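These numbers were taken from a predicted model, which means no experiment stands behind them.
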Amino acid sequence: MRAWNRHHRIVDVAQERVGALIDTLSGDGDRLWPVDAWPPMRFDRPLGVGADGGHGPVRYRVESYEPGKSVRFRFTAPRGFDGFHEFTMRATESGGTELVHLMVLRLRHPAWLTYPLLWRPLHDALLEDCLDRAERELTGTVRTPARWSPYVRLLRNLISGNRFRRFRKNRLPPMSTTAIR
């Protein structure tokens with residue numbers, strides 16, 4: 001089973017500013033990843049090819065990195081994820097910049113079941129929060145803020161609760177409840 005997932009946001013700023021935002025990923029001054037509501041992206045060294053890390057239970061390695069332009073991550077976990085995700089950008093015809101997150105997966109057991117039920121809804125909510133943060137950082141406002149679905153709120157409550165200790169054990173920091181959407 002294959003999964004292709006794309007999120008994007010067009011902002012009326014120069015590409016250099018969007019590229020600088022990508023470059024902050026996983027650093028102390030990360031201005032792109034929504035660390036206020038989701039597990040932070042962390043690596044064993046600064047963002048660069050070969051860095052190992054991820055966010056929460058999702059693990060990956062930096063496969064390619066062009067400072068100020070793009071970064072691609074190759075999944076190493078959860079089990080059954082074979083593929084990548086990446087942040088890229090492109091100039092628009094109107095002079096703005098499109099920030100794109102693309103994830104391409106070949107799902108193997110057990111991910112062919114866990115991806116649509118668990119990972120995809122959480123991933124979609126996280127990425128929309130990420131793009132909201134990018135838009136706010138670059139323009140000072142968010143035209144149409146993302147809202148979590150009732151299902152995403154339920155999943156976050158279940159994962160944050162004591163019911164899934166085995167799932168959470170040392171891998172998933174508590175999720176913030178201050179950013180209820």
Side-chain angles (χ1 to χ4, degrees), residues 3-7 21-48 50-63 65 71-87 99-134 136-137 145-181:
W4 184 88
N5 185 288
R6 183 178 190 271
H7 293 260
L21 207 61
I22 292 171
D23 292 343
T24 69
L25 273 171
S26 79
D28 290 336
D30 191 330
R31 295 179 9 236
L32 179 56
W33 199 258
V35 296
D36 58 326
W38 298 94
M41 182 185 285
R42 295 284 182 239
F43 290 100
D44 61 352
R45 58 185 151 204
L47 187 63
D52 284 311
H55 60 279
V58 180
R59 314 310 296 163
Y60 35 84
R61 175 176 292 116
V62 178
E63 184 173 78
Y65 176 49
V71 62
R72 177 179 280 191
F73 309 96
R74 177 69 50 185
F75 285 102
T76 57
R79 209 173 93 208
F81 275 42
D82 182 18
F84 69 89
H85 71 106
E86 66 184 7
F87 284 97
L99 174 60
V100 178
H101 180 273
L102 176 65
M103 183 173 69
V104 178
L105 294 170
R106 190 182 112 236
L107 299 169
R108 297 181 324 275
H109 180 75
W112 56 263
L113 179 62
T114 60
Y115 176 76
L117 294 176
L118 175 69
W119 300 114
R120 186 182 60 214
L122 291 171
H123 167 81
D124 288 348
L126 183 152
L127 260 298
E128 288 303 313
D129 287 351
C130 187
L131 294 172
D132 279 1
R133 182 160 186 186
R136 188 175 299 105
E137 284 286 329
R147 296 193 47 82
W148 294 338
S149 71
Y151 186 63
V152 166
R153 289 194 304 272
L154 172 67
L155 289 174
R156 287 175 54 91
N157 286 333
L158 290 174
I159 291 169
S160 294
N162 292 328
R163 293 181 185 100
F164 289 95
R165 280 201 177 115
R166 183 182 67 79
F167 175 74
R168 291 180 53 219
K169 189 174 182 178
N170 297 325
R171 296 190 303 175
L172 185 62
M175 293 183 185
S176 169
T177 55
T178 59
I180 301 299
R181 298 182 193 336

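- We find the CG-CG distance between Leu118 and Leu113 to be 10.0 Å, quoted to the nearest 0.5 Å.
- Considering CD of Glu137 and CG of Asp30, their distance stands at 9.0 Å, rounded to 0.5 Å.
- Residues Gly56 and Pro39 come closest through the heavy atom pair N-CB, 3.6 Å.
- For Trp119 and Trp112, the distance between ring centers is not under 6.0 angstrom.
- Formation of a donor-acceptor pair under 3.5 Å by the Asp132 side chain with backbone atoms of Ala146 is found in this model.
- Judged purely by atom type and a 3.5 angstrom limit, Arg79 has no side-chain atom pairing as donor or acceptor with the backbone of Thr76.
- Within the 3.5 Å criterion, the main-chain N or O of Asn157 finds no donor-acceptor partner in the side chain of Ser160.
- Here the straight-line distance linking atom CH2 of Trp33 with atom CE of Met41 works out to 4.0 Å at 0.5 Å rounding.
- With 3.5 Å as the limit, one finds a donor-acceptor pair spanning the side chains of His7 and Glu128.
- Ring-plane geometry between Phe73 and Phe43 is classed as parallel, the angle between the planes falling under 30 degrees on a 0 to 90 degree scale with a further cut at 60.
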What do the steps show when you test Leu131 against His101 for side-chain contact (heavy atoms from CB on, under 4.5 Å), and what is the final call? CA-CA 9 Å; Leu131 294 172; His101 180 273; 5.7 Å; no

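- A donor-acceptor contact shorter than 3.5 Å is absent between the side chain of Asn5 and the backbone of Met103.
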Would Leu155 and Leu117 satisfy side-chain contact (heavy atoms from CB on, under 4.5 Å), going step by step from the backbone distance to the final call? CA-CA 10 Å; Leu155 289 174; Leu117 294 176; over 6 Å; no

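- Formation of a donor-acceptor pair under 3.5 Å by the Arg153 side chain with backbone atoms of Trp148 is found in this model.
- When each of His55, Arg74, Arg72 is paired with Tyr60, the side-chain hydrogen bond (donor to acceptor under 3.5 Å, both in side chains) condition holds for His55 and for no other.
- In this structure, Arg31 contributes its side chain and Leu25 its backbone to no donor-acceptor pair below 3.5 Å.
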Determine whether Asp82 and Arg108 satisfy the following criterion, side-chain contact (heavy atoms from CB on, under 4.5 Å), listing intermediate values before the conclusion. CA-CA 8 Å; Asp82 182 18; Arg108 297 181 324 275; 2.9 Å; yes

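- Formation of a donor-acceptor pair under 3.5 Å by the Trp4 side chain with backbone atoms of Leu102 is not found in this model.
- For Arg156 and Trp38, the positive end sits near the middle of the six-membered ring, less than 6.0 Å away and at most 45° from its axis.
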